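Have a look at the structure below before the remarks.
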Amino acid sequence: MGFADQRFNVNLSILFTELPLLERPAAAAAAGFTAVELWWPWVDSPTPEQSELDALKKAIEDAGVRLTGLNFYAGQLPGPDRGALSLPGEESERFRANIDVAADFARSLGCTALNALYGNRVEGVDPAEQDALALENLVLAARAADRIGAALLVETLNRPESPRYPLVSAPAGIAVVDRVNEATGLGNARFLMDLYHLSMNGEDLQQVIAAYADRTGHVQIADNPGRGAPGTGTLPLEELLDQLAEAGYEGFVGLEYKPGDRPSAEAFDWLPAAARAAR
């Protein structure tokens, strides 16, 4: 086993960002990849014009790549925000307005994984109030995902980089997954296992995989320290992905790392060109 046996996709919101959005799918294809994922691309608009949605859909289709993962609206990301669904008021309403837009866009491209970032704690607001609102919105998102045959993903981040984000451990993320599945009865809420974030939290990655691989709907990687490509840090990513595969994980592995001080097209030398096309 090894990297060549994995199914990789490229996150076009962190790689190829030196290019305009509509040029990134073709750049990923030129690098040998056939699958991509995206954070919600319109950070200022949960409901962009249909022409903008159509243009991105065409760029993905023309490039011959498959969209395998999409975030719901999450505020300014990259930037100060870490999601909108637990924020009372306008941001929660923006998230709700985005749910069907994101789900319908995902369906139009055969995308079956929708990621819902929880959102930061808000000073002066009771965390229990935020958690209740989060559950309401995650239930709505799970139902929309189910309507298109998709999984709803719940992601944990890391405390050093996201100190106001409440889900900063694998058990915390799993607890939210369980609450959503219990509330909906659909069973389509799944854990997004980001090995970089978990490592930044100091978690035992092998133990996390052993405990939660069967409840994981997507995996993302970057090396640590530095959030660079595999081999730029000290994480045993090849061995960890092998462990995931041995535990039964068959989904995509999202490449969500920074290319460093080089063009993104040069940031994949760790992965043979013949292994980049998703199988």
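Here the structure is a predicted model, which is why all the values come from computation and not from measurement.
Donor-acceptor pairing under 3.5 Å is lacking for the side chains of S169 and E203. Side-chain contact annotation: N115 with N71, donor-acceptor N/O pair under 3.5 Å present. A donor atom on one side chain and an acceptor atom on the other are not found under 3.5 Å apart for D131 and S86. A donor-acceptor contact under 3.5 angstrom links the side chains of Q76 and D44, judged on distance only. For the residue pair S199/N224, the side-chain donor-acceptor check at 3.5 Å is satisfied.
The shortest distance between side-chain heavy atoms of F191 and D214 does not fall below 4.5 Å. A heavy-atom distance below 4.5 Å is found between the side chains of N11 and Q220. Side-chain contact between N9 and V253 is absent, with no heavy atoms from C-beta onward closer than 4.5 Å. Put simply, the side chain of V125 reaches to within 4.5 Å of the side chain of Q130, judged on heavy atoms.
I60 and V101 fall within a single hydrophobic cluster, where Ile, Leu, Val, Met, Phe, Trp and Tyr are joined by side-chain heavy atoms under 4.5 Å apart, directly or via other members. Put simply, M193 and I174 are part of the same group of oily side chains (I, L, V, M, F, W, Y) that touch within less than 4.5 Å, one to the next.
When all heavy atoms of K258 and I14 are compared, the closest pair comes out as CG-CD1, 4.1 Å. Contact record, S162 with L157: OG-CD1, 3.8 Å, taken as the closest heavy-atom pair. Closest non-hydrogen pair, L56 versus P41, comes out as CD2-CG, 3.9 Å.
Identified under the ring-ring contact (aromatic ring centres under 6.0 Å, His included) test for residues 42-93, with sequence neighbours left out: W40-W42, F72-F95. Within the structure, the side-chain hydrogen bond (donor to acceptor under 3.5 Å, both in side chains) test picks out the following pairs touching residues 175-185 (sequence neighbours left out): D178-R215.
At a threshold of 4.0 Å, the pair D104-R107 counts as salt-bridged, since one of the basic side-chain nitrogens sits closer than that to a carboxylate oxygen. In this structure, R96 pairs ionically with E136, as a charged nitrogen and a carboxylate oxygen lie closer than 4.0 Å. Under a 4.0 Å N-O distance rule, the pair D269/R262 qualifies as a salt bridge. With respect to R94 and E91, a salt bridge is recorded, a charged nitrogen being found less than 4.0 Å from a carboxylate O.
Side chain of N98 to backbone of T47: no donor-acceptor contact under 3.5 angstrom is found.
More than 12 heavy atoms of other residues, nucleotides or ligands shown are found within 6.0 angstrom of CD on Q50. Open room surrounds CZ on R159; 12 or fewer heavy atoms of other groups in view lie less than 6.0 Å from it.
Looking at residues two or more places apart in sequence or on another chain, you find a side chain to side chain donor-acceptor pair (under 3.5 Å) between E161 and N158, Y196.
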Stepwise salt bridge (charged side-chain N to carboxylate O under 4.0 Å, His left out) test for R227 and E256: CA-CA 8 Å; R227 199 173 185 175; E256 199 186 47; 3.1 Å; yes
Stepwise side-chain contact (heavy atoms from CB on, under 4.5 Å) check, L255 with L15: CA-CA 8 Å; L255 304 180; L15 285 156; 4.3 Å; yes
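A cation-pi arrangement is absent between R24 and F16 under the rule of less than 6.0 angstrom and at most 45 degrees off the ring axis.
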